Amino acid sequence: MPELPEVEVVRRGLAEWVTGREIASAEVLHPRAIRRHLPGAHEFAARLRGRLVKSAERRGKYLWLPLSGPEEALLAHLGMSGQLLVVDPAAPPEKHLRVRLRFADGGPDLRFVDQRTFGHVMLTRLAGGVPEPIAHIAPDPFEGSFDEVRFATALRAKKTEIKRALLDQSLISGVGNIYADEALWLARLHWARPTQTLTRPKIAELVAAVREVMGAALQQGGTSFDSLYVNVNGESGYFDRSLEVYGRRELPCSRCGTPIRREPFMNRSSYYCPKCQRRPR
DNA sequence: CGACTCTCCTGGGTGC
DNA sequence: TGCACCCAGGAGAGTC
């Protein structure tokens, strides 16, 4: 499940393998993959043809490729199963190939492959360097523009539980279900803790925990990254080795040995240590 | 308007 | 072996 660290690994791969190249054609193999590109597949392809990829950028879980010409970018969100692959143009189409870009230099394709089609790509205008559809998303905690004081103030004004707030991309972007659980464990906070009861020092501790778990994941994601295969999947690197609570129901907490608990949360799961992370009363 | 739920999707796993 | 069902998840749409 790609969250910020996995998307950053993809961004680095794209920066290396796609930057500076001219798009020769775009082929949409599944309309759902461009459902947020309202003008449709034909217009999508026509507007991409002949454009140069200038760079590869990211905010939270979104990434985008600014293009030559008008201030526009190819924007992508990987959803939960999306991959952006850099592959030999002669390679056979992947089973879940949704969008295929060919380049004028005859080099590797950029292919958007997505089994569950929660991800999407679109061509969109840039406003101040940020794609318009994600203008409402807050900076992620690795950006210089992330304002910790502003975040703490907004968090304390919310009437909700801390985990809901962590997943709210308008407060802080890039955190998904896995790293939310991991960061809450590290900061010793129960997922249901009301945001209004959090002190500013505790919020600072939580932000540090978010940076810690995602930074560690990024380092491990980077080590398993094959440069010619820009890949994202839930099995690589970090996922098997370093998770402390996520997916570890009944396994002992590494701090205190108490069995990790799983609870339903927003039609999915929250994992936590019932001793280290006391439930609010 | 804020807080919350619903919905989209596929395939691996499970139980009968 | 087949089949029904559950589960995973982000985020926009919809509800109250």
Side-chain angles (χ1 to χ4, degrees), chain A residues 1-8 10 28-38 58-64 75-84 93-99 112-122 124 130-141 153-184 191-198 210 213-214 217 232-236 238-240 243 245-250 260-271 280:
Chain A
M1 281 64 86
E3 298 182 27
L4 185 152
E6 294 75 29
V7 177
E8 174 59 16
V10 173
V28 177
L29 293 99
H30 195 310
R32 187 172 153 78
I34 59 153
R35 63 192 177 282
R36 294 194 64 199
H37 188 86
L38 302 181
R58 182 188 58 72
R59 167 165 285 182
K61 298 174 231 179
Y62 283 91
L63 60 85
W64 65 93
L75 176 66
H77 193 292
L78 300 176
M80 62 181 296
S81 58
Q83 298 173 301
L84 282 166
E94 291 76 6
K95 183 176 180 187
H96 301 293
L97 179 61
R98 308 305 190 196
V99 177
F112 180 63
V113 175
D114 189 8
Q115 180 209 114
R116 274 172 263 191
T117 67
F118 269 36
H120 63 91
V121 297
M122 66 188 298
T124 182
V130 176
E132 287 183 343
I134 64 166
H136 64 291
I137 303 268
D140 67 59
T153 303
L155 196 64
R156 281 154 55 89
K158 284 276 177 188
K159 291 179 178 163
T160 190
E161 300 157 344
I162 183 57
K163 186 170 172 184
R164 286 180 182 275
L166 274 183
L167 298 176
D168 182 343
Q169 305 294 300
S170 71
L171 293 175
I172 181 172
S173 66
V175 184
N177 197 45
I178 296 170
Y179 296 112
D181 281 0
E182 294 297 307
L184 289 169
W191 59 265
R193 177 74 174 269
T195 48
Q196 291 186 308
T197 68
L198 291 169
V210 169
V213 297
M214 295 208 292
V232 170
N233 65 64
E235 286 76 52
S236 68
Y238 189 68
F239 281 76
D240 283 346
L243 295 178
V245 285
Y246 183 83
R248 291 177 50 81
R249 172 162 46 166
E250 297 307 326
I260 299 301
R261 195 167 292 174
R262 174 194 177 275
E263 285 180 356
F265 170 82
M266 294 171 74
N267 283 327
R268 43 195 67 110
S269 301
S270 271
Y271 296 90

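Computed from a prediction, not measured in an experiment: that's the story for all the values here. Quick note: numbers below take in every heavy atom, side chains included, and nothing from hydrogens, waters or symmetry partners. We name chains A, B, ... by the order of the sequence lines, and we start the count at 1 in each one.
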(Q) Which residues pass the side-chain hydrogen bond (donor to acceptor under 3.5 Å, both in side chains) test with Lys163(A), not counting sequence neighbours? (A) Asn177(A), Asp181(A), Ser270(A)
Q. Between Arg262(A) and dC7(C), does any side-chain N or O lie under 4.0 Å from OP1 or OP2?
A. no
Q: Please state whether the phosphate of dA3(B), meaning OP1 or OP2, lies under 4.0 angstrom from any side-chain nitrogen or oxygen of Lys158(A).
A: yes
Q) Just by modelled atom types, is the Gly176(A) backbone N or O under 3.5 Å from a matching donor or acceptor in the Glu3(A) side chain? A) yes
Q: State whether Arg58(A) and Asp140(A) are salt-bridged, where the test is any N-O pair (Lys NZ or Arg NE/NH1/NH2 against Asp/Glu carboxylate O) under 4.0 Å.
A: yes
Q) Hey, which of these two, Asn267(A) or Ala157(A), hits DNA chain B nearer its 5' end, going by closest nucleotide? A) Ala157(A)
Q | Short side-chain to backbone donor-acceptor contact, Ser81(A) and Arg116(A), under 3.5 Å | A | yes
Q) Is there a donor-acceptor contact under 3.5 Å from the side chain of Gln169(A) to the main chain of Val175(A)? A) yes
Q.
Between Arg98(A) and Asp114(A) (side chain of the first, backbone of the second, donor and acceptor by atom type, cut-off under 3.5 Å), is there such a pair?
A. yes
Q | Tyr271(A) side-chain proximity, nearest of dA8(C), dA3(B), dT7(B) | A | dA8(C)
Pairwise N/O distances under 3.5 Å, protein to nucleotides 10-12 of chain B:
residue, atom, partner, partner atom, Å
dG11(B), OP1, His96(A), NE2, 3.3
dG11(B), O4', Gln115(A), OE1, 3.3

Q) Rounded to the Å, how far apart are Leu155(A) CG and dG2(B) P? A) 15 Å
Write out a two-atom table: protein N or O, nucleotide N or O from nucleotides 10-13 of chain C, distance below 3.5 Å.
residue, atom, partner, partner atom, Å
dG10(C), OP1, Asn177(A), N, 3.2
dG10(C), O3', His77(A), NE2, 3.0
dG10(C), N7, Arg268(A), NH2, 3.0
dG10(C), O6, Arg268(A), NH2, 3.3
dA11(C), OP1, His77(A), NE2, 2.5
dA11(C), OP2, Lys61(A), NZ, 3.4
dG12(C), OP1, Tyr62(A), OH, 3.0
dG12(C), OP2, His136(A), NE2, 3.2

Q) dC7(C) P sits how many Å from Met266(A) CE, rounded? A) 16 Å
Q: Give me the ring orientation class for His120(A) and Tyr62(A): parallel if the planes are under 30° apart, tilted from 30 to 60°, perpendicular past 60°.
A: perpendicular
Q: For residues Arg164(A) and Phe265(A), determine if any side-chain heavy atom of one lies less than 4.5 Å from a side-chain heavy atom of the other.
A: yes
Q. Could you give the CZ-to-C1' distance, from Arg249(A) to dG13(B), as a whole number of Å?
A. 13 Å
(Q) Heavy atoms from C-beta onward define the side chain here; which of dC4(B), dA3(B), dA8(C) lies closest to that of Ser269(A)? (A) dA8(C)
Q. Between atom CG in Leu171(A) and atom P in dC4(B), what is the gap in whole Å?
A. 12 Å
Q) Does Arg262(A) offer a backbone N or O that forms a donor-acceptor pair with the side chain of Ser269(A) under 3.5 Å? A) no
**Q.** Interatomic distance where NE2 belongs to His120(A) and P belongs to dC9(B) [whole Å]
**A.** 14 Å
